[in-house]
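The next block holds one structure in the form of structure tokens; read it before the comments.
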Amino acid sequence: MDTSGPAAFVNGEILKMFVGRRVRTVVQAQREEGGLLFGQSTDGHQLTIKGASGAPMSHYVEIIGIAEPNQAIRAEVCTDFGENFDPAPFNGLCKLANGQMKDLFL
């Protein structure tokens, strides 16, 4: 496991605390327009993903990239998780990884 550039687990609410840093999140793809993917985070926020074209609509997609202002991420890696993904556990993980259990995460 490469730990030289860890990605923080974030949901839409937590994303704004990591602008300029590497993050990891999951969005449900809603639409694609002009090279941008618009998706809903696991906590219901609308995120803009730059460089993540080709994701099937309504599929859940894991995004690893650099957090930017205005609820945006510049994607480095995108992984299609399909339609059968429960967002609640991932959202809970984000809260734990940035709250009471943050010492367990890189």
Side-chain angles (χ1 to χ4, degrees):
M1 180 167 132
D2 180 12
T3 59
S4 61
F9 286 96
V10 298
N11 58 20
E13 181 67 26
I14 296 168
L15 177 64
K16 60 189 168 202
M17 299 183 334
F18 287 90
V19 171
R21 295 177 51 195
R22 186 175 234 211
V23 295
R24 172 187 307 255
T25 196
V26 175
V27 299
Q28 185 175 28
Q30 294 181 320
R31 66 184 168 88
E32 199 174 318
E33 185 178 303
L36 301 174
L37 174 68
F38 296 92
Q40 184 172 333
S41 68
T42 56
D43 61 342
H45 290 258
Q46 294 299 312
L47 303 184
T48 303
I49 312 300
K50 300 174 181 179
S53 60
M57 294 307 107
S58 81
H59 278 214
Y60 288 90
V61 182
E62 179 188 47
I63 308 293
I64 300 173
I66 305 300
E68 296 186 342
N70 301 317
Q71 297 291 86
I73 299 173
R74 185 173 12 102
E76 297 172 344
V77 178
C78 303
T79 305
D80 183 357
F81 283 177
E83 294 179 294
N84 297 320
F85 179 83
D86 183 355
F90 183 84
N91 194 53
L93 173 64
C94 293
K95 291 176 183 178
L96 285 174
N98 292 284
Q100 65 188 28
M101 299 294 185
K102 67 182 175 183
D103 293 338
L104 295 176
F105 294 85
L106 298 175

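The chain is numbered in sequence order, starting from 1.
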*Contact summary for P56 and A29, nearest pair of heavy atoms*: O-CB, 3.6 Å
*Would you say N91's side chain and P87's backbone share a donor-acceptor pair under 3.5 angstrom?*
no
*Run the side chain to side chain contact (heavy atoms under 4.5 Å, CB included) check on Q40 and H45 step by step: do they pass?*
CA-CA 6 Å; Q40 184 172 333; H45 290 258; over 6 Å; no
*asked:* Would you compute the distance between atom SG of C78 and atom CD1 of I63 and round it to the nearest 0.5 angstrom?
replied: 4.0 Å
*For F85, which residues count as a ring pair (Phe, Tyr, Trp, His ring centres under 6.0 Å) partner, sequence neighbours excluded?*
Y60, F81
_Test question: given the 4.5 Å side-chain rule for I, L, V, M, F, W and Y, name all other residues clustered with I64, or answer none._
V77
_Walk me through whether R24 and E62 qualify under side chain to side chain contact (heavy atoms under 4.5 Å, CB included)._
CA-CA 7 Å; R24 172 187 307 255; E62 179 188 47; 2.9 Å; yes
Under 3.5 Å, sequence neighbours excluded: what are the donor-acceptor pairs made by side chains of residues 66-73?
unit_1, atom_1, unit_2, atom_2, d
E68, OE1, K50, NZ, 2.6
E68, OE2, R74, NE, 2.9
Q71, NE2, G12, O, 3.2

_Listed once per pair and sorted, the side chain to side chain donor-acceptor pair (under 3.5 Å) pairs that draw on residues 78-87, sequence neighbours left out_ = S58-E83, H59-D80
*Under a 4.5 Å side-chain heavy-atom rule over Ile, Leu, Val, Met, Phe, Trp and Tyr, are F105 and L15 clustered together?*
no
*Joint hydrophobic cluster, M101 plus F9, side-chain heavy atoms closer than 4.5 Å*: yes
_Interatomic distance, I14 atom CD1 to N11 atom CG [nearest 0.5 angstrom]_ = 4.0 Å
*asked:* Run the salt bridge (Lys or Arg N to Asp or Glu O under 4.0 Å) test against K95 and tell me which residues pass, sequence neighbours left out.
replied: none
_Holding to side-chain contact (heavy atoms from CB on, under 4.5 Å), I want the full list of residues that pass it with E33, two or more places apart in sequence or in another chain._
R31, F38
_Quick check against the 3.5 Å criterion: does T25 have a side-chain atom that pairs as donor or acceptor with the backbone of V10?_
yes
*Measuring from C94:SG to E13:CD, what's the distance to the nearest 0.5 Å?*
11.5 Å
*May I ask whether L47 and L37 are part of the same hydrophobic cluster, defined by side-chain heavy atoms of I, L, V, M, F, W, Y residues being less than 4.5 angstrom apart, directly or through others?*
yes
*Hey, quick one: are L104 and F90 part of the same hydrophobic cluster, counting side-chain heavy atoms closer than 4.5 Å, chains of contacts allowed?*
yes
